[in-house]
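Shown next, in structure tokens, is the structure this report addresses.
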Amino acid sequence: MKNINFLAFAMPAFFLFLFLEYKLAQRKKRPEIFNYESSVSNISIGIAERLINLFVAASFYQLYYLIYDDYRIFEIPSNFLVWIALILATDFVWYWYHRLGHEVNFFWAAHIVHHHSEEFNFTAAARITTFQAIIRTGFWCVLPFVGFHPTMVITMLIVHGAYSFFTHTQLVGKIKWLEYVFVTPSVHGVHHASDEKYLDKNYGDMFTFWDRLFGTFQTEEEKPKYGLTHPLKSYSFLWQHFHYYFEIYELWRRSKGFKARWKAVFGSPAHMDQDIRPTLEKRFLQDKSNPHQRLRFRNYLYIQLGVCTLLLTVFTYYFDVLEAYDKIFVLSIVIITLINCGAILEQRKWIYYLEYTRIFMITTYFLYERDLTIFFFIPLAIMIFAEQLFSLSRYYQNMILQLESAE
């Protein structure tokens, strides 16, 4: 994929802007803008999306070319006015993709992850899942179908994504005159709010006139309360990705008749039974949150996120020349590490065995690289022996899972 080396610098750039936002928040004495647990969760989801998209983004681009080459309606030339038309068309498609993402359960299941965060800063912009990327790619396909060249479409999507990143911050106040045309952080902050007057508003990504035209625009009045109307009680990496699919299935299972089951999948999220999420949280042990405690040993999470970011950057840069087993190894290690981060935030004692899994995968990989896979049992035996001799699990849990008051 031709753009892959350029994309390698996306994560370092993200952390640079995040660092600048954090420092500016400190300078303005706005510590409430950042929350440790939520930021870790946001960044973990962003890393996973960037990683998994390396495997599927090329397919997205190939799909655009296939549609353009074989099915385009017009052959639209490339000139200044066409680029203006494309940026308007891109945001118009986004508006309807985004609006349906809030109005249809199946689409909301992919998009809800972006709204979990109860903080609104650059880390919230990272809360994009691969499920969401796949769904919106289906909407983007209308652009090459109309006749915009795929190269133009891909370029515009990069610009579009970069613009929307900078609208996820509280450090820029209202700019009323600009909001007549452009989406600002204040306008997009309303979209992320859970206050009743702000719900399902401001779907545009770059321009506000679509919302004004279709009656979904709302200016910021009272300070928004960010997040979901019914917040999750979990920082679990896996639960955040899949909980709403479980909720849809539970509603579908409870429903009787074709019409009711159809609505369970394609109906409005506003009609979701409100007892389903608490029931599932208890069933899957996802209701352990304690707002008055946090981890004492937080540096361990920073180290893991740092390693994941470094791996992702190098992996992206060399993606085209790596072997399949290298790609599978990196994908597995990073995903397990991100699951580990969520489990640590939730004080799950089984993460200790996840650590063993990670060590075993790393040693097996290097043995495979040296054509010594036959000796894979040696590190396994060493880990079992060390556990029996030194009771490492007790030491690990006492050190890593220490808590302190958050007040």
Side-chain angles (χ1 to χ4, degrees), residues 1 4 7-8 10-11 14 40-60 110 113 126-134 234-243 245 284 300-346 348-384 387 392-393 396 400:
M1 196 164 62
I4 208 74
L7 294 175
M11 285 304 293
F14 164 76
V40 169
S41 178
N42 295 348
I43 293 170
S44 296
I45 290 172
I47 290 173
E49 186 268 341
R50 287 291 88 201
L51 176 66
I52 297 174
N53 270 9
L54 289 175
F55 294 86
V56 297
S59 300
F60 296 165
V113 182
R127 291 190 71 93
I128 306 294
T129 68
T130 298
F131 304 126
Q132 183 174 339
I134 292 172
S234 172
Y235 289 114
S236 166
F237 177 81
L238 292 175
W239 185 248
Q240 290 184 85
H241 276 81
F242 296 105
H243 75 93
Y245 293 102
F284 292 98
Y300 185 53
L301 280 178
Y302 291 138
I303 292 170
Q304 294 196 80
L305 289 178
V307 170
C308 284
T309 303
L310 179 61
L311 268 176
L312 177 59
T313 302
V314 175
F315 184 60
T316 304
Y317 192 82
Y318 291 104
F319 187 81
D320 280 343
V321 298
L322 292 175
E323 300 291 339
Y325 68 88
D326 295 315
K327 296 177 180 179
I328 294 172
F329 169 72
V330 174
L331 175 66
S332 302
I333 286 294
V334 172
I335 294 298
I336 286 178
T337 300
L338 298 177
I339 293 172
N340 180 285
C341 290
I344 290 176
L345 288 174
E346 295 212 306
R348 305 293 182 180
K349 293 184 178 181
W350 51 259
I351 61 171
Y352 178 67
Y353 303 100
L354 203 62
E355 298 280 21
Y356 269 143
T357 302
R358 187 163 53 178
I359 294 171
F360 181 67
M361 289 176 61
I362 292 172
T363 56
T364 302
Y365 172 77
F366 283 107
L367 287 172
Y368 180 82
E369 282 278 293
R370 301 299 182 201
D371 200 22
L372 297 171
T373 313
I374 192 173
F375 298 110
F376 78 94
F377 64 90
I378 294 179
L380 186 61
I382 292 174
M383 287 187 290
I384 294 173
E387 172 61 30
L392 295 179
S393 59
Y396 176 89
I400 299 298

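Atom set for the values below is all heavy atoms of this structure, side chains included, hydrogens, waters and symmetry mates excluded.
- Among residues at least two apart or in separate chains, there is no salt bridge (Lys or Arg N to Asp or Glu O under 4.0 Å) pair with a member in residues 45-54.
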Determine all donor-acceptor pairs shorter than 3.5 Å in which one atom belongs to a side chain in residues 366-375; sequence neighbours excluded.
residue, atom, partner, partner atom, Å
Glu369, OE2, Tyr325, OH, 2.7

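- Remark: Thr363 engages Ile359, Phe360, Pro379 in a side-chain contact (heavy atoms from CB on, under 4.5 Å) (not counting sequence neighbours).
- Atom CD of residue Gln304 and atom OG1 of residue Thr337 lie 5.5 Å apart, to the nearest 0.5 angstrom.
- Partners of Ile52 under the side-chain contact (heavy atoms from CB on, under 4.5 Å) rule, at least two apart in sequence or in another chain, are Thr130, Leu331, Ile335.
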*side chain to side chain contact (heavy atoms under 4.5 Å, CB included) between Cys341 and Leu345: does it pass, once the steps are laid out?*
CA-CA 6 Å; Cys341 290; Leu345 288 174; 5.9 Å; no

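- In terms of the ring-ring contact (aromatic ring centres under 6.0 Å, His included) criterion, Phe376 has no residue partners (sequence neighbours excluded).
- Note that OG of Ser234 is 9.0 Å distant from NE2 of His243, once rounded to the nearest 0.5 Å.
- Considering only residues two or more places apart in sequence or on other chains, Leu354 meets the side-chain contact (heavy atoms from CB on, under 4.5 Å) condition with Ile336, Ile339, Asn340, Trp350.
- Residue pairs meeting the salt bridge (Lys or Arg N to Asp or Glu O under 4.0 Å) criterion with at least one partner in residues 355-368, sequence neighbours excluded, are Glu355-Arg358.
- In this structure Gln132 satisfies the side-chain hydrogen bond (donor to acceptor under 3.5 Å, both in side chains) test together with Tyr97, His111, sequence neighbours excluded.
- For Ala126, the side-chain contact (heavy atoms from CB on, under 4.5 Å) partners are Phe14, not counting sequence neighbours.
- In terms of heavy-atom proximity, Ala133 sits nearest to Asn53 at CB-ND2, 3.8 Å.
- Looking at residues two or more places apart in sequence or on another chain, you find no ring-ring contact (aromatic ring centres under 6.0 Å, His included) involving Phe60.
- Considering only residues two or more places apart in sequence or on other chains, Tyr352 meets the side-chain hydrogen bond (donor to acceptor under 3.5 Å, both in side chains) condition with Tyr356, Glu387.
- Aromatic ring pairs are classed by plane angle as parallel below 30°, tilted from 30° to 60° and perpendicular above 60°; the pair Phe131 and Tyr245 is perpendicular.
- Rounding to the nearest 0.5 Å places SG of Cys308 at 11.0 Å from CD1 of Ile43.
- Within 6.0 Å of CZ on Phe377 lie more than 12 heavy atoms contributed by other residues, nucleotides or ligands.
- Applying the side-chain hydrogen bond (donor to acceptor under 3.5 Å, both in side chains) test to Ser41 and every residue at least two apart in sequence or in another chain returns Arg127, Gln240.
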